[in-house]
Number of protein chains: 2
Amino acid sequence: MKQTEAPSTKERILDAAERLFAEHGFAATSLRTITAAARANLAAVNYHFHSKEALIRAVFARRLGPVNQQRLQLLEACQARAGKGPPRLEEVLEAFFGPALRLGRGLAQSGINFQRLMGRMYGEPGEHFRSMLQEQFAEVAVRFGEALRKALPELPPVELYWRVHFMLGAMAHTLTGVDYLPLFSGGQCDPSDVEGTVRRLVSFLAAGLRAPVAPRQASRSRA
Amino acid sequence: MKQTEAPSTKERILDAAERLFAEHGFAATSLRTITAAARANLAAVNYHFHSKEALIRAVFARRLGPVNQQRLQLLEACQARAGKGPPRLEEVLEAFFGPALRLGRGLAQSGINFQRLMGRMYGEPGEHFRSMLQEQFAEVAVRFGEALRKALPELPPVELYWRVHFMLGAMAHTLTGVDYLPLFSGGQCDPSDVEGTVRRLVSFLAAGLRAPVAPRQASRSRA
DNA sequence: GTCTATATGGGGATAGAC
DNA sequence: GTCTATCCCCATATAGAC
């Protein structure tokens, strides 16, 4: 393991930005606040990142790269285990959720901050985030899409899209909700139990994905 | 039906704010932009709403009141149908999702804007939103919590909390994703089909909520 | 209720010395 | 690579005339 040396200015800015963006949102966090927290000079942001928008991209890229790489790696492993047959649905889901949710464990507080960020990213307005999401997830989307189609051969593609959409929502909310769930469960649920979270999320979603396709109900009211 | 008269300044501001908040987020939308779009004077915001924060609350309260009222009404109906037995899970879910998702139909574009807003609200940072959520949903949360416990008598309460959490995530993402899903499905999914959306969401989530509780797996790696 | 004008503060970005 | 100083713009909020 690499010795933990004094982090560079660039890294301190990334760390501070990650934390503050997670706590207060992007628009509400000023570069001045970030550089103050990072014990760096205001101009350093523009020197290292050129603009606030580029800083945001850098914050995401730093963590999302490794996460997505690990996702693809786990997916390959589970496809290898399946041989020529369809991969097991639960394993595909775990390959997708595991790396993201385990960030909170590997990086301690920093990882938790990033989890919140990642979850919020999906709902963020503006074209900037839209395009970032598409870039970052392009390959992962294709590969996991294929795997899910194979794991659920009976499910019509349109229905699969819908269900993947629901699934991403559940994941995003689980990521942001690290501090939400204990609140409304009266402390009964503990999101710091990462493996428990993954297990619960996977079994919930696997059941949802396997649900029989609901028939178009006879139109009872023509509202 | 009430005649559609020229809306008052107050209403025009609410409409414009709703749309612009939905499109660009809260922090990124200035009162100047809002009043310009509403063809109102900048000072009118402070006259009618006192502050930007209060304006945000007003935007939510205007729609959420009726939605929650309708939710409780539908829940009562479905409990009445069940008599003394447990209510049917699918009906409980539909009572919860239906009113929110049907906003997009009843109010046309305005409703779609509000859907986006409502979905994003869950992920919004800051204590202000946290407390708004709790106020607005206090009664609904209690009543639907009870109903779900009755509909799923076998499920341990802790697991129910987790699953409700996942469920809210799927709903929030469905609300915000009105324009997201058609994009990545290549136009194959049509969120303007409200009843289809409700039906799909309900059957997906009902299956997830009914999933067998995953056993704590034997720890294979002590990572 | 609606306007103009303004108070007051903070934002992102950059020039140029060191 | 890091700093100070500054440009220029926009934000919310309010005072006070109409």
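So you know, we letter chains A, B, ... as the sequences are listed, proteins then strands, and number each from 1. Predicted, not measured: the structure shown is a model, and the values here were computed from it.
Rounded to an integer number of Å, the gap from A:Leu55 CG to C:dG12 P is 10 Å. Between A:Arg39 atom CZ and D:dT2 atom P there is a gap of 13 Å when expressed in whole angstrom units. The CG atom of A:Leu42 sits 8 Å away from the C1' atom of C:dG12 (whole-angstrom rounding). Between the OH atom of A:Tyr47 and the P atom of D:dG1 there is a distance of 4 Å, rounded to whole Å. In this structure, A:Asn41 places its CG atom 13 Å from C1' of C:dG16, rounding to the nearest Å. The interatomic distance linking B:Lys10 (NZ) with C:dT2 (P) rounds to 11 Å, in whole Å. As a whole-Å value, the separation of A:Lys52 NZ from D:dC9 C1' is 15 Å. Nucleotide C:dT2 holds its P atom 14 Å from the CG atom of B:Asn46, rounded to whole Å.
Between A:Glu94 and A:Arg199 no salt bridge is recorded (no basic side-chain N to carboxylate O distance below 4.0 Å). A salt bridge between A:Arg19 and A:Glu23 is present, with a side-chain N of the basic residue lying under 4.0 Å from a carboxylate O of the acidic one.
For A:Phe26 and A:Phe129, the gap between ring centers is short of 6.0 Å.
Closest to the side chain of A:His48, from the set C:dA15, C:dT4, D:dT2, is D:dT2. Here D:dA13 is the nucleotide among D:dA13, D:dC3, D:dA15 with the atom lying nearest to any side-chain atom of B:Ser51. Looking at the side chain of B:His50, the nearest of the listed nucleotides C:dA15, C:dG12, D:dT14 is D:dT14. Distance from the side chain of A:Ser30 is smallest for C:dG12 among the nucleotides D:dC3, C:dG12, C:dC3. Closest contact between the side chain of B:Thr9 and the listed nucleotides C:dT2, C:dT14, D:dA11 involves C:dT2.
Note: B:His165 and B:Trp162 have perpendicular aromatic rings, judged against thresholds of 30 and 60 degrees for the angle between ring planes.
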Passes side chain to side chain contact (heavy atoms under 4.5 Å, CB included), B:Phe49 versus B:Leu14? Steps please. CA-CA 10 Å; B:Phe49 302 97; B:Leu14 282 172; 3.8 Å; yes
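Residue A:Arg32 places no side-chain atom within donor-acceptor reach of the base of C:dG10, judged by atom type and a 3.5 Å distance cut-off alone.
Residue B:Ala44 is classed as having no contact, given no heavy-atom separation below 4.0 Å to the nucleic acid.
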